[in-house]
Amino acid sequence: MIHRFVLVALLTLFGLAPLTAAHAEYADVVLNRYAEKNGMRPVIYPHWFHRIRFRCKVCHFELGFEMRVGSNDITMGKIIDGQYCGMCHNGEIAWSVEHCDRCHSGLPGLKTGIQGGHKTGGPGIW
Amino acid sequence: MKRWFFAGVVLWISTFTATAEVIDNGRKYVWEPFDADFLHDPANPALDELQHPEEAFRNFPKDTPTIGNQVDWVRALEQGFINPRTNLFPDTEIEVLDLDIIMPDTADMPMVRFPHRAHTQWLDCSNCHDHLFAREAGATPVNMFSILSGEYCGRCHGAVSFPLTECRRCHSVNRSRFRGKPGAQQPPGRIYEPVLEQPIVR
């Protein structure tokens, strides 16, 4: 009986180890200033997905996104008006705002902030 | 008792099967599935509509496993693995500057070489000038403390571009072997090898 206890404990421990570390993709941004207060899931913005398709300068120069979490006051009103995300997410360059769940896809309770940054597994070959 | 035992086994096995991984040159790359990344809500019905990093990155030139997105982004761009748009508005001016700056005030570390080329391929001049960096070599008091607090280079490096654990990717100029003057260098700038093949300078 004791053996089984130990076995279960060990399996659970080692099994859970990879799960306990949060594994957001590097540079994912959580936006939750307004989302959850208005009954939506927090927004997850994947930098990696966008930089495959657009250079940084498109959003951070042409569209005027500040490079600092929290310094862009993004609301759905502005997006529908064609500002911020709405410059592309208008059904012409990218899919439009009716696909709520594609952006509002985060776990409830997430805090606004950049995820995955500073959380890599330490130095690589450097 | 038996039930708990099996629950443990199932949980244990599921952590192996749920992860997507790619082996590249003997290195193992792992990207967490969205429903187990502690970020996306597994109950979200649209998760299947999103592209997964593993699918996107599978054939990209790789960075070291566990570093950032594990992608050598500069290489991916230069070799045409990706062709991201430079502008939305037709009259936006696109400027790429080929000018290396060598920063000598790095204490015991090798000096820093800053390549404008790799940076301006992604960024506009105004992203860094002049609110973060003066347009004059040596005029900005850059230091690692500020960078680690998210200022200067740390605006991007450590958050979106390769992280600050990779010291020698910037500190790449041996002080005693360097001939010439620090500051702005004569173009063309250094042509960088893929990150996994770059020499480590002491």
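Chain letters run A, B, ... following the sequence lines, proteins first and then strands; every chain starts at 1.
Using a 3.5 Å distance cut-off with no hydrogens or angles, the side chains of B:Glu151 and B:Ser149 do not pair a donor with an acceptor. No hydrogens or angles considered: a donor-acceptor pair under 3.5 Å links the side chains of B:Ser176 and B:Asn174. Side chains of B:Tyr29 and B:Asp63: a donor-acceptor N/O pair is absent below 3.5 angstrom, by distance only.
Put simply, of A:Arg51, A:Lys57, A:Arg102, the one with the most heavy-atom pairs under 4.5 Å next to chain B is A:Arg51. Your options are B:Val71, B:Leu77, B:Leu50, B:Thr86, and the one with the most heavy-atom pairs under 4.5 Å with chain A is B:Thr86. By number of non-hydrogen pairs under 4.5 angstrom with chain A, the leading residue of B:Ser161, B:Gly150, B:Ala46, B:Pro53 is B:Pro53. Ranked by heavy-atom pairs under 4.5 Å with chain A, the first of B:His171, B:Gln51, B:Glu49, B:Gln70 is B:Gln51.
Both the backbone and the side chain of B:Leu88 come within contact range of chain A, each with at least one heavy atom under 4.5 Å from a heavy atom of that chain. With a 4.5 angstrom heavy-atom cutoff, A:Ile52 touches chain B via backbone and side-chain atoms both. Using a 4.5 Å cut-off between heavy atoms, A:Cys88 contacts chain B through its side chain alone, with no backbone atom that close. Looking at B:Phe60, the atoms closer than 4.5 Å to chain A (heavy atoms on both sides) all sit in the side chain, from C-beta outward. Heavy atoms closer than 4.5 Å to chain A are found nowhere in B:Ala76, neither backbone nor side chain. Residue contact with chain A, scored on non-hydrogen atoms closer than 4.5 Å, involves the backbone of B:Glu95 exclusively. Of the two parts of A:His60, the backbone and the side chain both hold a non-hydrogen atom closer than 4.5 Å to a non-hydrogen atom of chain B. Only the side chain of A:Val30 comes within contact range of chain B, judged by heavy atoms closer than 4.5 Å.
Here the shortest heavy-atom pairing between B:Arg85 and A:Val58 reads O-CG2, 3.4 Å.
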Derivation and outcome, side chain to side chain contact (heavy atoms under 4.5 Å, CB included), residues B:Arg169 and B:Val195: CA-CA 8 Å; B:Arg169 212 170 278 187; B:Val195 285; 3.8 Å; yes
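More than 12 heavy atoms of other shown residues, nucleotides or ligands fall within 6.0 angstrom of atom CD in B:Glu193. B:Arg177 CZ: 12 or fewer foreign heavy atoms inside a 6.0 Å radius.
Classified by interplanar angle (parallel below 30°, tilted 30° to 60°, perpendicular above 60°), the ring pair B:His40/B:Phe34 is tilted.
Proximity to chain B among residues 61-68 of chain A is limited to A:Phe61, A:Glu62, A:Leu63, A:Met67, A:Arg68, judged by heavy-atom separations below 4.5 angstrom. Annotation: residues 116-133 of chain B contacts chain A through B:Thr120, B:Gln121, B:Trp122, B:Leu123, B:Asp124, B:Ser126, B:Asn127 [non-hydrogen atoms, separation under 4.5 Å].
A:Phe49 carries A:Arg53 over the face of its six-membered ring, with the cationic atom under 6.0 Å from the centre and within 45° of the normal.
B:Asp100 and B:Arg190 are not joined by a salt bridge, as no carboxylate oxygen comes within less than 4.0 angstrom of a charged side-chain nitrogen.
B:Asp41 contributes a side-chain N or O that, together with a main-chain N or O of B:Ala43, makes up a donor-acceptor pair within less than 3.5 Å. Looking at A:His104, its side chain does come within 3.5 Å of a backbone N or O of A:Arg41 through a donor-acceptor pair.
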